[in-house]
Amino acid sequence: MTATEIPPPDAALSPAGNPLGFGRMLRKEDARFLRGQGHYVDDLRLPGMLHGAILRSPYAHARIVSIDTSAAEAHPKVKAVITGAVLETLNLAWMPTLSGDVTAVLATDKVRYQGQEVAFVVAEDEYSARDALELIDVEYDPLPAVVDARHALDPDAPVIRDDLEGRTDNHIYDWEAGDAAACEEVFAKAEVVVAQDMIYPRVHPAPMETCGSVAHMDPVTGKLTVWTTTQAPHAHRTVYALVAGLPEHKIQIISPDIGGGFGNKVGIYPGYVLSIVGSIVTKAPVKWMEDRSENLMSTSFARDYHMHGEIAATKDGKILGLRVNVLADHGAFNGVAQPTKFPAGFFHIFTGSYDYPAAHCKVTAVYTNKALGGVAYACSFRITEAVYLVERMVDCLAFELKMDPAELRMKNLLRPEQFPYTTPTGWEYDSGNYPAALDEAKRIAGYDELRREQAERRAAAAEPGADPAAPLMGIGISFFTEGVGAGPRKHMDILGLGMADGCDLRVHPTGKAQLRLSVQTQGQGHETTFAQIVSHVLGIPPEDIEVIHGDTDNTPFGLGTYGSRSTPVSGAAAAVAAQRVKDKARIVAAAALECSPDDLEWEHGRWYVKGDPSKGQTMAEIAMASHGSLELPEGVEGHLDASVVYNPPNLTYPFGCYIAVVDVDPQTGQVKVRRFIAVDDCGPRINPMIVEGQVHGGLADGVGMALMEVIAFDSDGNNLGGSFMDYLLPTSMECPSWELGQTVTPSPHHPIGVKGVGESATVGSPAAVVNAVLDALQLRHADMPFTPAATWRAMQGRPLRPDLAIE
Amino acid sequence: MRVTMKVNGQETTAEIEPRLLLVHYLRESAGLTGTHWGCDTSNCGACTVWLDGAPVKSCTTLAAMADGHEVRTVEGLADPVTGDLDPVQQGFMEEHGLQCGFCTPGMMMTARALLDRNPDPDEDTIREAISGNLCRCTGYENIVRAIRWAATHQTVDSQEVSA
Amino acid sequence: MQTPAPFEYERAASVEEAIALLTRHGPEARLIAGGHSLLPMMKLRLARPETLIDINGLADLDYIRVEGDQIAIGAMTRHATVLESAVLAEHYRIFAEAERVIADPIVRNRGTVGGSLCQADPSEDLSAVFAALRGQVVIRSVEGARTVDLGNFHRGPYETAVGDGEILVEVRVPIRTRTGSAYEKVERRAGDWSVAAAGAFVQFGDDGSIADVGIGITAVGAEHFTCAPAEDLLRGRPPTAEAIEEAAAICAASCHPSADQRGPVDYKRHLVGVLVARALNRSIARARGEAA
């Protein structure tokens with residue numbers, strides 16, 4: 001199907017009142033969640049199940065002198081105490097990361113960040129396991145910690161990774177993209193060049209459910225079953241097979257209901273492996289659930305990019321080029337989860353939504369004494385950082401040129417006729433109408449009226465006797481281009497596993513269907529949306545289509561849900577599978593109707609004879625016939641099913657324009673987001689209700705990152721964001737009532753034109769809020785998060801470093 | 001020590017350690033895993049249940065403190081006889097007030113308590129009432145709408161139930 | 001999740017029984033009311049009392065009532081009750097304004113006035129409120145009851161005048177006429193502890209000058225959660241903008257904030273000045289019967 005053939009949302013309703021395909025439909029999964037019948041990992045109880053707890057390092061960097069576990073082992077309820085030394089005997093003390101490095105399962109030589117795993121206790125209950133942690137005596141020899149990434153490459157910096165042979169510094173890699181020479185030329189001649197340093201600070205996805213697992217190695221059958229919080233069950237199975245040398249066909253990964261992921265549940269954490277080891281050692285099922293501090297301090301953080309951007313332009317605001325140097329803080333191990341060929345993820349999409357020829361980026365990654373991670377929190381493999389960089393740089397340019405940032409953007413946005421468009425760093429944007437999205441956002445916001453109000457307020461504030469507490473009004477725009485649906489197998493793999501996804505569709509004899517997916521919902525509503533995709537193609541009511549996922553024994557292989565890839569990749573697989581079933585149904589219908597398949601025409605849910613609509617077969621009739629005794633043409637097997645592996649030809653490129661309106665208290669620095677307008681274009685919306693929900697969540701993320709979320713470290717490497725008292729998530733009070741709009745530009749290469757939307761708002765929204773705050777303050781730049789203190793200090797011209805302890 | 005408490009109208013009892021948190025009593029002793037936990041510092045509200053009619057954070061309440069008292073959890077929201085959803089539950093479904101479902105039970109217990117005290121709260125009142133319940137998925141918009149939905153459907157539904 | 005270390009559990013049915021249990025179990029016993037300060041510390045295993053004495057059964061300590069020229073607030077009064085109290089709203093708006101920004105609505109259902117004061121967190125809000133109002137606490141032991149001025153109650157961070165074998169049973173504040181009060185808090189996010197907060201009451205005399213004034217400040221190391229020199233400066237003076245500014249500046253200069261992730265010292269000090277001035281100005285407006 002090409003883009004122009006995308007049908008409008010299907011009008012017909014199923015017997016249950018659901019749309020037969022696209023349209024607003026209440027979620028199938030809600031029934032269990034609303035009654036408290038969701039089934040999360042921590043809800044699992046198995047006979048004889050034991051409980052694990054992890055002893056973690058209080059130090060950011062220290063040599064382990066000795067570990068005495070004897071008192072813990074003597075605890076009457078303790079079944080096992082596992083240390084790095086024990087794991088070494090099993091060759092399991094270290095495991096590979098998703099980025100070609102290794103990471104410790106339990107520390108053997110040194111601890112390299114505060115919160116690193118040191119020992120694992122298995123006990124009869126969780127309380128006892130935690131009691132026993134206090135009985136383990138570890139002697140540490142503290143070492144100086146590398147905290148400030150900007151000093152990680154200093155000649156006298158302590159070498160963190162002395163476990164790696166020949167390692168004499170904390171350098172991980174240099175990587176670049178684009179054309180440095182072309183940039184040189186453009187920047188040398190440009191009328192205007194604006195340079196700006198900025199930090200995208202370390203943040204955390206912090207899903208409401210922490211990470212955990214229940215592992216059961218059946219000592220009789222040798223089968224390992226792991227119920228675990230994973231966004232990628234199949235990838236996890238393969239990694240466990242590789243790490244532990246276990247036979248892959250004897251591993252079953254079950255990802256039950258997941259309480260939010262946002263990239264936090266892509267990685268393989270030591271706790272998961274330890275629950276498996278614990279089960280092997282004790283021959284009983286072992287549950288491990290991290291607490292909130294463990295989650296924030298040790299599992300995958302996000303961002304931590306120190307960026308230096310330079311933008312070149314003409315005096316009248318035509319952008320000519322953008323270049324950026326990045327210092328990437330990867331923590332103590334390089335554990336970034338991203339396609340192998342792209343060590344900085346998709347950061348080199350930083351040219352954004354604009355038309356200019358010259359771009360270059362260089363990324364230098366370093367080790368520090370912090371937890372590992374980097375790609376998480378709905379970042380689309382670092383497009384969040386890229387969008388923040390370009391949208392800040394464009395605003396910096398507007399600031400220097402004294403131009404309206406909307407006007408500057410409109411002047412430089414790519415035009416619809418330029419698509420498909422190849423960017424200076426090599427991405428091929430599939431489709432877009434960017435000016436329309438900007439116009440629509442301005443229309444909803446009442447942009448000109450807002451600017452008028454702002455001008456009036458500024459004039460009033462300049463009057464003698466003006467109220468010194470009168471709020472400063474700011475308007476911020478962010479225009480983003482996302483790249484999702486990773487990805488084409490020849491370019492994209494993780495640990496050698498190509499990023500294609502499988503899908504099996506079976507239509508049962510009575511016409512009801514089951515769809516098996518490799519991707520894993522963490523709240524996105526796959527059970528509903530994917531049923532709608534199949535319904536859209538086949539006309540089977542969505543309530544008659546069961547979506548099965550999250551169980552490697554019962555679903556086809558695929559890489560899972562992250563990077564907004566479910567709809568672009570598995571959604572395409574489901575659409576193609578449904579199309580294959582539809583094609584086969586035509587042959588079966590033709591046999592039943594004793595005509596040629598070419599004589600049949602399709603209406604929603606039914607093949608009928610051209611010119612004689614009364615003569616036809618519904619999908620239910622065809623399903624029964626295909627399982628019955630009807631004689632089928634030579635070479636056509638019975639039954640009605642299809643199995644697909646979808647290898648996306650390209651990413652899809654959703655885009656959007658966001659406008660934030662803020663009020664800043666000039667005396668206290670408090671920021672209030674008054675309004676937030678979000679226009680998203682993710683192609684046709686399968687279920688508009690679910691799409692809007694995805695956008696809402698991401699917008700709250702933007703408010704969080706812009707105003708409060710950050711993990712800083714003190715000079716000893718102590719994590720200063722290690723609980724929900726310290727790592728602040730936005731509440732209902734900080735979030736405004738979101739105002740959404742849309743434009744619809746289908747993807748030309750996706751079978752049903754859809755683009756994916758899960759991370760768009762998280763990617764696009766932080767820059768809008770930050771731009772609004774800086775617009776209010778009439779400053780060119782200061783780093784987020786704009787806590788009251790940070791805002792006030794920015795106003796004083798003495799901005800805070802968000803990554804370090806406030807002194 | 002032995003504790004006895006009514007949970008959703010049913011008498012429950014168990015021999016427990018005094019340090020057992022109410023959230024663990026509900027999940028482990030009473031087998032009601034609809035009540036979740038999401039932090040250790042009483043910030044997230046995923047563990048919100050009612051104690052003697054008022055929402056409390058069950059991760060920061062000892063089971064011993066609930067001994068002899070009445071507790072209501074998400075499993076006690078729907079009509080115990082007909083199984084019909086409470087208007088709050090229905091509202092969360094109608095307005096897509098949940099995604100991953102993890103904060104939902106606590107959020108709904110807070111919402112039900114709000115509506116019992118204030119049957120027609122405006123948006124600001126709702127936002128303030130749920131400010132101790134964190135949600136990472138919805139950006140709160142549809143939760144506010146869900147509670148408004150329940151506010152506007154309370155009468156209708158109770159009539160339907162009584163009919 | 002994090003779990004407390006083991007402890008013995010006792011339940012008191014009366015103040016006398018609570019005192020007897022405290023006496024019997026000694027200094028390693030702790031009273032527990034709402035538990036929202038103590039239990040998180042116990043889960044982190046930073047606090048590990050040997051015995052917890054549950055006083056949630058002391059319903060007779062849950063009251064807000066006028067007694068002569070004072071308002072008496074029972075120690076077991078929940079924050080939610082304070083927030084909604086008509087008696088307090090009639091006399092002192094500062095209570096509702098402070099309570100509305102203490103933790104969150106669910107925590108306020110459980111946390112108690114006595115528990116908050118006895119925890120004596122240096123960022124606690126009610127300490128500033130009672131300091132501003134110059135309240136008194138009533139502490140009981142086997143020896144009987146004694147009354148302590150708020151100014152002598154806090155002995156330092158997490159330390160109070162409540163000794164071994166003692167229980168705080170009541171807080172009292174004097175009722176004042178021609179008075180307005182207000183509370184101002186800056187927090188990083190709803191439900192967070194104060195970056196800084198200030199409360200005040202202002203009472204007018206017949207001549208329109210400030211007859212009496214109280215200032216409460218929290219989270220910034222203000223001695224006894226107040227600033228007596230600033231109060232002294234205002235007392236007897238007309239409520240001019242200059243006087244307010246001067247008093248606010250004294251408060252800002254005399255507090256001892258420490259830097260943390262809520263803000264650097266200079267910002268907190270600046271904030272004290274802003275918030276004290278705002279609280280005073282709104283108190284003045286309210287004392288005059290103006291909307292504020």
Side-chain angles (χ1 to χ4, degrees), chain A residues 42 53 125-131 133-134 210 289-295 468-469 665-671 703-704 707-712 714 720-721 723-735 785-793 795-796 798 800 802 804-807, chain C residues 1-7 36-37 40-46 48 100-101 103-107 121 123 184-198 219 241 245 248 252 257-278 281-282:
Chain A
D42 196 32
D125 62 77
E126 187 184 2
Y127 284 56
S128 300
R130 285 182 172 264
D131 290 346
L133 295 182
E134 297 186 289
T210 59
M289 283 301 300
E290 64 187 4
D291 65 34
R292 179 54 64 188
S293 291
E294 295 181 286
N295 176 253
D665 184 323
Q667 294 180 314
T668 65
Q670 284 169 296
V671 177
V703 169
L707 300 187
M708 62 192 82
E709 292 181 36
V710 63
I711 297 181
D714 70 13
L720 302 177
S723 81
F724 273 171
M725 292 179 73
D726 306 296
Y727 190 77
L728 303 176
L729 306 186
T731 75
S732 51
M733 302 292 280
E734 289 76 38
C735 294
F786 285 97
T787 60
T791 308
W792 184 79
R793 282 289 287 262
M795 293 168 76
Q796 303 296 309
R798 293 177 297 124
L800 295 168
L804 303 179
I806 295 176
E807 289 175 341
Chain C
M1 62 186 286
Q2 294 167 10
T3 58
F7 52 81
H36 280 65
S37 304
M41 302 281 278
M42 290 171 63
K43 284 199 268 183
L44 282 167
R45 307 208 171 186
L46 294 174
R48 34 173 84 232
R100 205 166 166 193
V101 289
D104 64 58
I106 305 165
V107 169
D121 188 295
S123 299
E184 292 276 347
K185 171 168 169 171
V186 166
E187 51 192 3
R188 294 176 299 178
R189 189 207 64 190
D192 189 24
W193 292 88
S194 296
V195 179
E245 284 307 315
S258 28
D260 58 19
Q261 291 312 95
R262 291 187 175 82
V265 169
D266 60 348
Y267 170 66
K268 291 186 179 181
R269 206 179 278 290
H270 159 82
L271 207 49
V272 169
V274 171
L275 298 182
V276 167
R278 287 185 182 183
N281 281 321
R282 288 202 300 121

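All chains are named by letter (A, B, ...) in the order of the sequence lines, taking the proteins before the strands, and each is independently numbered beginning at 1.
For C/Pro264 against A/Arg793, the heavy-atom pair with the smallest separation is CG-NH1, 3.1 Å.
Looking at A/Glu134, the atoms closer than 4.5 Å to chain C (heavy atoms on both sides) all sit in the side chain, from C-beta outward. Heavy atoms of C/Asp192 lying under 4.5 Å from chain A belong exclusively to its side chain. Interface remark: C/Asp104 contributes no atoms to any contact with chain A (heavy atom separation under 4.5 Å). For C/Pro40, no part lies near chain A; criterion is any non-hydrogen pair under 4.5 Å. Proximity to chain A is limited to the side chain of C/Val274, based on heavy atoms less than 4.5 angstrom apart. Heavy atoms closer than 4.5 Å to chain A are found in the side chain of C/Leu275, but not in its backbone. Looking at A/Asp42, there are no atoms closer than 4.5 Å to chain C (heavy atoms on both sides), in backbone or side chain. Only the side chain of C/Arg278 comes within less than 4.5 Å of a heavy atom of chain A; its backbone N, CA, C and O stay farther away. Using a 4.5 Å cut-off between heavy atoms, A/Arg292 makes no contact with chain C at all. Only the side chain of A/Met708 comes within contact range of chain C, judged by heavy atoms closer than 4.5 Å. Using a 4.5 Å cut-off between heavy atoms, A/Leu707 makes no contact with chain C at all. Contacts between A/Pro468 and chain C at a heavy-atom distance below 4.5 Å are absent for every atom of the residue. If you measure heavy-atom distances from A/Leu133 to chain C, you find no contacts under 4.5 Å at all.
No other option in A/Thr210, A/Asp131, A/Thr731 has as many heavy-atom pairs under 4.5 Å with chain C as A/Asp131. For the set A/Leu728, A/Asp726, A/Leu720, the entry with the most heavy-atom pairs within less than 4.5 Å of chain C is A/Leu728. Interface summary for chain C: among A/Gln796, A/Gln670, A/Arg798, A/Met725, the most heavy-atom pairs under 4.5 angstrom belong to A/Gln670. Put simply, of A/Asp291, A/Asp665, A/Ile806, the one with the most heavy-atom pairs under 4.5 Å next to chain C is A/Ile806.
In this structure, A/Glu807 has no side-chain contact (heavy atoms from CB on, under 4.5 Å) partners at least two apart in sequence or on a different chain.
Residue C/Arg189 places its CZ atom among more than 12 non-hydrogen atoms of other residues, nucleotides or ligands, all under 6.0 Å distant.
In this structure, OG on C/Ser194 lies 3.5 Å from NZ on C/Lys185, to the nearest 0.5 angstrom.
Paired with C/Gln2 under the rule side-chain contact (heavy atoms from CB on, under 4.5 Å), one option of C/Met42, C/Lys43, C/Arg45 passes, and it is C/Lys43.
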